[in-house]
Protein chains: 2
Amino acid sequence: MAEIVDISSGESPVPAPARTLADNVFDQLRSAIVGGEFAPGSKINEPQLAERYGISRGPLREAIRRLEGCKLVEIKPNVGAKVVSLNGLQAIEIYEIRESLEGLACRLAAARATAADCESLRNLLAQHELQIESENGRRYYQQEGDLDFHFQVVHLSGNQRLIQLLCGELYHLLRLYRAQTSSQPSRPEQAFREHHRIVDAIEEQDGELAEILMRRHIANAKAMLISQLKQSDT
Amino acid sequence: MAEIVDISSGESPVPAPARTLADNVFDQLRSAIVGGEFAPGSKINEPQLAERYGISRGPLREAIRRLEGCKLVEIKPNVGAKVVSLNGLQAIEIYEIRESLEGLACRLAAARATAADCESLRNLLAQHELQIESENGRRYYQQEGDLDFHFQVVHLSGNQRLIQLLCGELYHLLRLYRAQTSSQPSRPEQAFREHHRIVDAIEEQDGELAEILMRRHIANAKAMLISQLKQSDT
DNA sequence: CAGCCTAATATTGTCGACAATCTGGAAATA
DNA sequence: TATTTCCAGATTGTCGACAATATTAGGCTG
């Protein structure tokens with residue numbers, strides 16, 4: 001269907017990254033899983049999916065192995081792959097790791113961010129402020145806008161492995177959890193204020209404070225999640 | 001060659017986990033890479049390896065995709081996989097992440113560890129004390145014993161995803177780096193003392209202190225690494 | 001009717017072959 | 001001689017077929 005075209009104007013310095021069928025199917029499957037198109041715990045049927053994407057089982061199996069690496073599916077030998085089903089406990093585990101790693105990211109970002117970087121963060125927050133007023137925007141902010149902010153901060157850390165770990169793996173799992181549970185964090189105003197404080201600290205190159213604020217920010221979200229879980233359990 | 005046998009005495013509760021060829025080759029390749037049997041940056045030749053392990057390229061390619069997920073090889077489309085070559089900068093990135101995550105692990109471990117767990121840690125340290133006296137033991141302690149301790153502490157955290165992340169991925173990368181650079185941390189006595197302090201804090205269920213001590217412990221190792229790198233650069 | 005055994009079916013695991021792409025070196029040209 | 005072009009070899013990407021294993025459906029027995 002969609003042809004691979006060069007978006008950038010003129011000839012790009014990178015002559016179009018050669019992509020294999022397994023690569024493409026990996027991306028499509030990941031989007032589908034993270035987007036909630038597959039029910040949690042549902043089985044991955046190889047012949048069926050191979051037909052759906054018009055490829056043979058070879059590349060498909062390689063794509064599935066890569067999904068396993070991202071922890072998006074679980075594979076049992078001679079049985080097959082299932083879409084992971086995240087329960088509340090596992091979500092809390094992820095929040096604990098985020099709390100720790102994004103604190104680190106903030107500390108590093110405070111030491112590296114330029115004035116332009118900080119302005120870019122402010123712009124993102126201003127954008128969020130506009131969107132937060134409408135109900136649709138509020139919903140957007142809660143679901144994706146929050147991750148956008150964290151995404152950008154993490155990229156300022158400069159630690160490539162940290163960036164890959166958070167943006168390439170953990171955030172996909174978070175999206176999956178939100179899609180599977182349709183949970184709404186529902187504290188946009190407070191989160192918005194906390195985001196601003198974090199940018200303040202980064203702008204002042206106060207890494208220690210930035211780390212503390214980010215950890216507290218995520219700890220707050222975790223506490224909210226825990227209280228929701230307790231409520232739905234009883 | 002080596003047959004798969006049940007190590008445990010009597011019939012095991014788990015009736016031997018079915019393993020596929022790709023699984024076995026993945027384990028063997030990972031050990032070989034982490035053990036330094038492949039030169040850093042060396043190319044992975046599929047037909048050659050398939051012959052060596054007596055399997056076809058299909059399962060081998062799946063094993064390679066899983067190695068890519070562990071960040072032990074890098075794959076370029078139409079070119080092939082290479083064993084990762086970790087430079088000093090990347091090693092520092094890993095230490096930064098360890099500092100953060102193992103601090104978390106310690107805090108969690110302090111809240112969960114039983115008396116028996118603590119005694120087990122003490123036993124491990126006592127073992128290390130015996131080994132540390134001989135030159136061979138010193139070498140062992142520096143290379144593997146240190147990771148043994150961290151491995152055990154991390155397992156006490158109870159956070160499954162954290163355990164998998166540290167013990168299933170990052171530690172393998174550390175071993176790879178040590179094998180590739182033949183670097184010796186060379187501060188066994190200090191590290192040994194720090195390990196004891198960490199166990200003290202865990203035993204007293206002082207999670208905050210345990211986190212601080214572990215972070216400092218790894219920060220010390222990171223500082224040592226950085227000074228070594230500067231020395232070898234000039 | 002419940003439970004178990006058995007056979008038929010479906011799915012995963014593995015293999016060998018072919019197509020597409022990259023790599024290295026020889027030959028031709030300036 | 002330096003550079004470019006092109007070809008042959010090697011390697012990766014993809015496919016379809018077969019073998020091994022798991023799952024399901026049906027019938028049998030108690």
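Numbers restart at 1 for each chain; the letters A, B, ... are given by sequence-line order, proteins then strands. Just so we're clear, the structure is a prediction, and the values are computed from it rather than from any experiment.
- At whole-Å resolution of the value, CZ in A:Arg61 and C1' in D:dG13 are 16 Å apart.
- Residues B:Arg112 and B:Leu156 have side chains not in contact (no heavy-atom distance under 4.5 Å, counting atoms from C-beta outward).
- When the nucleotides C:dT14, D:dC15, D:dT21 are ranked by their closest atom to the side chain of A:Ile55, D:dC15 comes out on top.
- Taking atom CD of B:Glu51 as the reference point, atom C1' of D:dT11 lies 15 Å away to the nearest angstrom.
- Residue B:Glu51 qualifies as open at atom CD: its count of foreign heavy atoms under 6.0 Å is 12 or below.
- Regarding contacts with the backbone of C:dC22, every side-chain N or O of B:Lys76 stays at 4.0 angstrom or more from both OP1 and OP2.
- Relative to the side chain of A:Glu46, the nucleotides C:dT14, D:dG13, C:dG13 differ in distance, and C:dG13 lies closest.
- Inter-residue side-chain proximity for B:Leu166 and B:Phe151 is flagged as unmet; no heavy-atom pair is nearer than 4.5 Å.
- Nucleic acid contact for B:Leu49: none, since no nucleic acid atom lies under 4.0 Å from a heavy atom of the residue.
- Distances shown here put a side-chain N or O of B:Thr20 below 4.0 Å from the OP1 or OP2 atom of C:dT14.
- Look at CD on B:Glu68: it is 14 Å from C1' on D:dT12, rounded to the nearest Å.
- In this structure, the CG atom of B:Leu60 is 12 Å from the P atom of C:dT14, given to the nearest Å.
- Taking only side-chain nitrogens and oxygens, B:Arg57 never comes nearer than 4.0 Å to OP1 or OP2 of C:dC15.
- The side chain of A:Asn78 approaches D:dA22 more closely than any other nucleotide in the set C:dT14, D:dA22, D:dT14.
- Here the P atom of nucleotide C:dG13 and the CG atom of B:Leu21 are 10 Å apart, to the nearest Å.
- Going from atom CD of A:Glu62 over to atom C1' of C:dT14 covers 14 Å, rounded to whole Å.
- Distance, A:Ile75 CD1 to C:dG13 P: 8 Å, rounded to whole Å.
- Judged by distance alone with a 3.5 Å cut-off, no donor-acceptor contact links the side chain of B:Arg19 to the base of C:dG13.
- For the residue pair B:Asp146/B:His128, the side-chain donor-acceptor check at 3.5 Å is not satisfied.
- At the phosphate of C:dG13, OP1 or OP2 sits under 4.0 Å from a side-chain N or O atom of A:Arg65.
- When each of A:Gly54 and A:Pro77 is assigned the nucleotide of DNA chain D with its nearest heavy atom, A:Gly54 is the one assigned upstream, toward the 5' end.
- Look at CG on A:Asn45: it is 13 Å from C1' on D:dA22, rounded to the nearest Å.
- Proximity of A:Ile202 to A:Cys118: side-chain heavy atoms (C-beta onward) are separated by under 4.5 Å at one or more points.
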